[in-house]
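Residue numbers start from 1 in every chain, and the chains themselves are labelled A, B, ... in the order their sequence lines are given, proteins ahead of strands.
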Amino acid sequence: MIEKNYQPADIEGRMSLIWEDSRAFSAGRPDRRDASPFTIVIPPPNVTGSLHMGHALNNTLQDILCRFERMRGRDVLWQPGTDHAGIATQMVVERQLLERQQPGRREMGREKFLERVWQWKAESGGVIINQLKRLGASCDWSRERFTMDEGLSRAVVKVFVELHREGLIYKDKRLVNWDPKLLTAISDLEVQQVEVKGHLWYLRYPLAGITFNPEDPLSYIVVATTRPETMLGDSGVAVHPDDERYTHLVGKHVILPLVGRRIPIVADEYSDPEKGSGAVKVTPAHDFNDFEVGRRHGLPQISVLDQEARINLVGNEDYLRGLPEGAQQLAEELQGMDRFAARKLILARLEDFGFLERTEPNTHMVPHGDRSGVIIEPYLTDQWYVDAKTMAQPAMAAVRSGATTFVPKNWERTYFEWMENIQPWCISRQLWWGHQIPAWYGPDGKVFVAETEEEAVGNALGYYVEQEVITAEQGREMALDRNKRAGFITRDEDVLDTWFSSALWPFSTLGWPDQTPEVKRYYPTNVLVTGWDIIFFWVARMMMMGLHFMKEAPFSTVYIHRLVRDEKGAKMSKSKGNVIDPLGVIDDYGADALRFALARGAAHSHDIKLSPQLVETNRNFATKLWNACRFAEMNDCAVSPGFDPTKAKNTLNRWIAHETARATREVTEAIEAYRFNDAANTIYRFVWNVYCDWYLELAKPVLMGEEGEPKTETRAMVAWERDEILKLLHPFMPFITEELWTVTAKRDGLLTLAPWSRKASDLTPEQLVLMSTVGPNDALIPPVLLAFDAAEFTDTSAEAEIGWVVDLVTAIRSVRAEMNIAPATLTPLVLAGTSAETRERVPRWNDVIKRMARLADISFADRAPEGAVQLLVRGEVAALPLKGVIDLAAEKARLDKELAKAEADIKRVDAKLSNEKFVANAPEEIVEEEKEKREAAEARKARILEALERLKNAA
RNA sequence: GGGCGCGUAGCUCAGCGGGAGAGCACCUCGUUGACAUCGAGGGGGUCACAGGUUCGAUCCCUGUCGCGCCCACCA
């Protein structure tokens, strides 16, 4: 028995358990061994994460695909898991320590701290997994993975070691984006350019050998800068080689103000004559461009800041080298000062001595750390890099060749754009939480990279014994005792960028580097579903790693969805306070309603604007479905074992079967094309506007009438239809559909494992496999199946007959409303001059039409009675004799309006048909259509004129 | 500076070469035997603007204006 009221919360809790108990979502189910696999790897949420609307959308879409393919008989693996999220997690735990006034990370030491993080992970990590379950995500939860699992860590080490051996991972000393708050290097992608209102300062750099005089422009050269404090590290001034203003100065020197360093003026194309003064100061250790300029001209790299971006000059050999007496004083004064405080002081000094020419306001982009929010400092350090440029080549080729396709296709351009300009990927992070880099150093700094400590240490000791740095005996002792080798062989302290392990996700989760059966069966995956914000972070890097290690792209399709925004279109953010919590929405309206709202909004080229009200609308839809099923139940509409919908005799039943086949086809094609919104909207309309509004309403007289064959058939058809709807809707609204499936009949199995279309159930397993074979670009081959279905169900005569009923009822309702006829007033209907076809139809629909159009009776006549309202339905006249009730003038006005419309139609068509070029150039069928339109309009006009004539007579 | 996307009914969006669509909101009517979380009906749009291609343009091309986003080391 279906409960009277739809209560999503009850249902959803229950259904989750049932699915879990039946292991419905397990990959490799015995009944699917011969089926073709379908794999999706979840974008692993951070262990620190909790479900937000972006997750809700992302996972709803994945779930739709997985449930759809599962119902089509495929062996689905939706691989779940979480990401260790290096920086984010470390920050969470550090904050917790601070809140509890416990010793900080550094006081604890690395080992203790990591223990603490693992403890945190065990206690509160991964709450998001349960939240995903509440959303209805049909992952194979038994296969949940974590990027720092033993197995996945093994994959990380293996990849690092192999890429290092191949020269694709290397260590380099160059400028990195340094986060002075988190005290770690970060990658280009973790830097956000933020527009900042600042200043452009024009500085006078005195020429060497000439006495500086602020009044004499020939005694100095002007450089402009937004970061005056970096002048401490200047080691040159660059001018453009073709800039005639400065050619005579190239090769000469300037004396760096305040500092006193003598630095050269060089000619370099980097310098832009249009910008600033046309001469630019060169600070190789604090600016990416200057770094390159400095390299080209052999200028020294003078780093003047420490890790926390404080001035560091005292004892700084690079800085002090070649400085005159007295330089020490400035160094001491500035030492330890924050970079911005130092800027102020330096500017004041420059001004005091006449070195500051002028100051201009200047708005420019300043790099910020996306986690810390502080200004990033280009900083000279040793870091590990991936040769992304080399690895990007196969990754681009795979997309170019179509081995991997982006949907929508435009994103490929974005992908190429980035890949073509890719920079070395800095993968080392000065953090503790993460995969520690498998590199060990000897006393001379030589690097030993290996998969295990034993191996690396063995190699190192062997090397140093051979070099006679240590004796063989010492080597043996150190090999056996970690304490003995401490200080001699040390491990790299750094960990890898979180995205390094994420990049391996499509194969590391399957057990790689072991050649597991899962790797064989489920790699490459079919589709990756994600937002555009992590195309670079994640998608591109999975492509690189997948192609390199698996020799195949990790997925054949990348579906990129849009963002979820609030109802006004603003990005949801905590600070704006416009965040809609998916779990709250689920509490209020149910997961199904939320999912359907998201799916209906998931258009290709628009972000989704979500409001609670929108979810409510979709909850109402669920209620509608619920009540439709209750109606079926109340009328004893039950699944009938031998029932074959293709053999239905009743026109109405043939019609709904026809409509269902059409809807099934449309929904299937839409999901295949990742047009989730089209799919969901098609079902919405089919269920509400076709099944409920017309089919059930038209079936009522039969269902409430006497027992007999029509009633038996209709009951079976109502139930069959209900089941088809539950199937179509299941990928979108899994909970309510599974509940209704369970409650409405004794079933052999769960809906979630039921065959997608009726015919699929009739196919042999071999046929099913054949049809779900993956083709190029993951194109499935269901058109075979659909053509089959459609042909079998197509019934144009049923369509025409029910169409006529629908039009007739609609026309009568419309005119009754217009004429303000009370619903209680039953009016007679006279069909005038009807065709034999109509005459034959009427008895079949007599009850229905009377009921739905509020009629007293239906009769035939040669012509419409005088003073009747005359309607045109499919070219024939339906008259409502309402003499006395209707306002003749109003009726005349109504007919005049229709006449005008018919005449306008004729006129427009005539304009076309009389155009020789149109007749000559337009396709034949279009011309033919236009002619038919004209005829129809002419006929309509004739009928309306007759009607007007009769009206006149009545008056 | 480069790139992408979007401007269609009050709102959110479909449609993307041959007569302007949906949902929500709005107005009118309705306690009809699944459903008021509902039913019936209705109003409302020079499809941003200007050119071009075409027999024909909301749809294709070019430009303009407006909005949003991404990338970029420019002093």
Worksheet, complete the sentence: Rounded to whole Å, the CD1-P distance (A:I821 to B:G30) equals 14 Å
Worksheet item: In whole Å, what separates the C1' atom of B:G45 from that of B:A34?
Response: 37 Å
Item to complete: Would you please indicate if the ring centroids of A:Y415 and A:W411 are separated by under 6.0 Å?
Response: no
Worksheet item: Can you check whether A:F416 reaches A:V399 side chain to side chain, under 4.5 Å on heavy atoms?
Response: yes
Practice prompt. Check whether the side chain of A:E697 and the base of B:A34 form a donor-acceptor pair under 3.5 Å.
Written response: yes
Response to the item:
Rounded to whole Å, the CG-P distance (A:N410 to B:C70) equals 17 Å
Worksheet, complete the sentence: Across every strand shown, the nucleotide meeting Watson-Crick or G-U wobble geometry with B:U53 (both distances under 3.5 Å) is none
Worksheet item: Where the side chain of A:V909 is concerned, which of B:C69, B:G19, B:G33 is the nearest nucleotide?
Response: B:G19
Discussion item. Counting the benzene-type ring for Trp, do A:F676 and A:Y559 have ring centres under 6.0 Å apart?
Written reply: yes
Item to complete: Indicate whether OP1 or OP2 belonging to B:U37 is found under 4.0 Å from a side-chain N or O atom of A:K624.
Response: no
Discussion item. Whether A:S814 contacts B:G42 is assessed here as follows: a side-chain N or O lying under 4.0 Å from the phosphate OP1 or OP2. Is that the case?
Written reply: yes
Worksheet item: Rounding to the closest angstrom, what is the interatomic distance between B:G43 and B:C29 at atom C1'?
Response: 15 Å
Worksheet item: When rounded to the nearest Å, what value does the distance between P atoms of B:G33 and B:A14 take?
Response: 40 Å
Worksheet item: Can you tell me how far C1' of B:C71 sits from CE of A:M419, to the nearest Å?
Response: 15 Å
Worksheet item: Does any donor atom in the side chain of A:E190 or A:S187 lie under 3.5 Å from an acceptor atom in the other side chain?
Response: yes
Worksheet item: On a whole-Å scale, what distance lies between the C1' atoms belonging to B:A9 and B:G15?
Response: 14 Å
Worksheet, complete the sentence: For B:G23, the nucleotide meeting Watson-Crick or G-U wobble distances (both under 3.5 Å) is B:C11
Discussion item. Measuring from the side chain of A:T623 (C-beta onward, heavy atoms only), which nucleotide among B:U37, B:C69, B:G2 has the closest atom?
Written reply: B:U37
Practice prompt. Keeping the roles fixed (side chain from A:R715, backbone from A:N635), state whether a donor-acceptor pair exists under 3.5 Å.
Written response: yes
Worksheet item: Do A:R227 and A:E377 meet the salt-bridge criterion of a basic N to acidic O distance under 4.0 Å?
Response: yes
Discussion item. Just so I know, are the side chains of A:I821 and A:R854 near enough to count as touching, which here means a heavy-atom distance under 4.5 Å?
Written reply: no
Item to complete: Could you check how far NZ of A:K901 sits from C1' of B:A20, rounded to whole Å?
Response: 12 Å
Fill in: Interatomic distance where CZ belongs to A:F918 and C1' belongs to B:G19 [whole Å]
12 Å
Fill in: Watson-Crick or G-U counterpart of B:G1, or none if no pair lies under 3.5 Å
B:C71
Worksheet item: For the side chain of A:K917, counting heavy atoms from C-beta on, which of B:G23, B:C55, B:A34 is nearest?
Response: B:C55
Worksheet item: So which nucleotide from B:G33, B:G19, B:G18 ends up closest to the side chain of A:R851?
Response: B:G33
Worksheet item: Does a nitrogen or oxygen in the side chain of A:R908 sit under 4.0 Å from OP1 or OP2 of B:G19?
Response: no
Discussion item. When you measure from the side-chain N and O atoms of A:W688 to the phosphate of B:C35, is any distance below 4.0 Å, counting only OP1 and OP2?
Written reply: no
Practice prompt. Starting from P on B:C70, measure out to CZ on A:R413 and report it in whole angstrom.
Written response: 18 Å
Worksheet item: Can you tell me if the side-chain N/O atoms of A:N620 get under 4.0 Å from OP1 or OP2 in B:C38?
Response: yes
Discussion item. Any donor-acceptor pair, under 3.5 Å, between the side chain of A:N289 and the base of B:C73, if you only look at N and O atoms?
Written reply: yes
Worksheet item: Does A:H606 make a side-chain N or O approach to OP1 or OP2 of B:A14 shorter than 4.0 Å?
Response: yes
Discussion item. Quick check: on RNA chain B, is the nucleotide nearest A:I926 upstream (toward 5') of the one nearest A:F621, or the reverse? Name the residue that is more 5'.
Written reply: A:I926
Discussion item. Please pick, from B:C35, B:G3, B:G33, the nucleotide with the shortest atom-to-atom distance to any side-chain atom of A:R630.
Written reply: B:C35
Discussion item. Tell me which nucleotide, if any, is Watson-Crick or G-U wobble paired with B:G66 when both distances must be under 3.5 Å.
Written reply: B:C6
Worksheet item: A:N921 side chain N/O closer than 4.0 Å to the phosphate oxygens (OP1, OP2) of B:C55?
Response: yes
Discussion item. Just to be sure I understand the rule, does A:K281 reach a base, reach only the sugar-phosphate, or reach nothing, if contact means heavy atoms closer than 4.0 Å?
Written reply: nothing
Item to complete: Any strand is fair game: report the nucleotide pairing with B:C38 by Watson-Crick or G-U wobble, both distances under 3.5 Å, or none.
Response: B:G30
Response to the item:
A:D678 has its side chain closest, among B:A34, B:A14, B:C24, to B:A14
Worksheet entry | Counterpart base for B:C59, defined by Watson-Crick or G-U wobble contacts under 3.5 Å | none
Item to complete: Just name whichever nucleotide pairs with B:C47, Watson-Crick or G-U, keeping both distances under 3.5 Å, else none.
Response: none
Worksheet item: Looking at the side chain of A:Y270, which of B:A34, B:C73, B:U37 is the nearest nucleotide?
Response: B:C73
Worksheet item: Strictly by modelled atom types, are A:R630 and A:N627 linked by a side-chain donor-acceptor pair under 3.5 Å?
Response: yes
Worksheet item: Nearest to the side chain of A:R813, which nucleotide is it out of B:A34, B:G23, B:G41?
Response: B:G41
Discussion item. Between B:A34 and A:K700, counting only base atoms on the nucleotide and side-chain atoms on the residue, is there a donor-acceptor pair under 3.5 Å?
Written reply: yes
Worksheet item: Starting at the 5' end of RNA chain B, which residue's closest nucleotide do you reach first, A:K609 or A:E818?
Response: A:K609
Discussion item. I'd like the P distance from B:A25 over to B:A20, given in whole Å.
Written reply: 27 Å
Fill in: B:G17 to B:C55 separation - C1' atoms, rounded to the nearest Å
12 Å
Worksheet item: To the side chain of A:K275, which of B:C74, B:G18, B:A34 is closest?
Response: B:C74
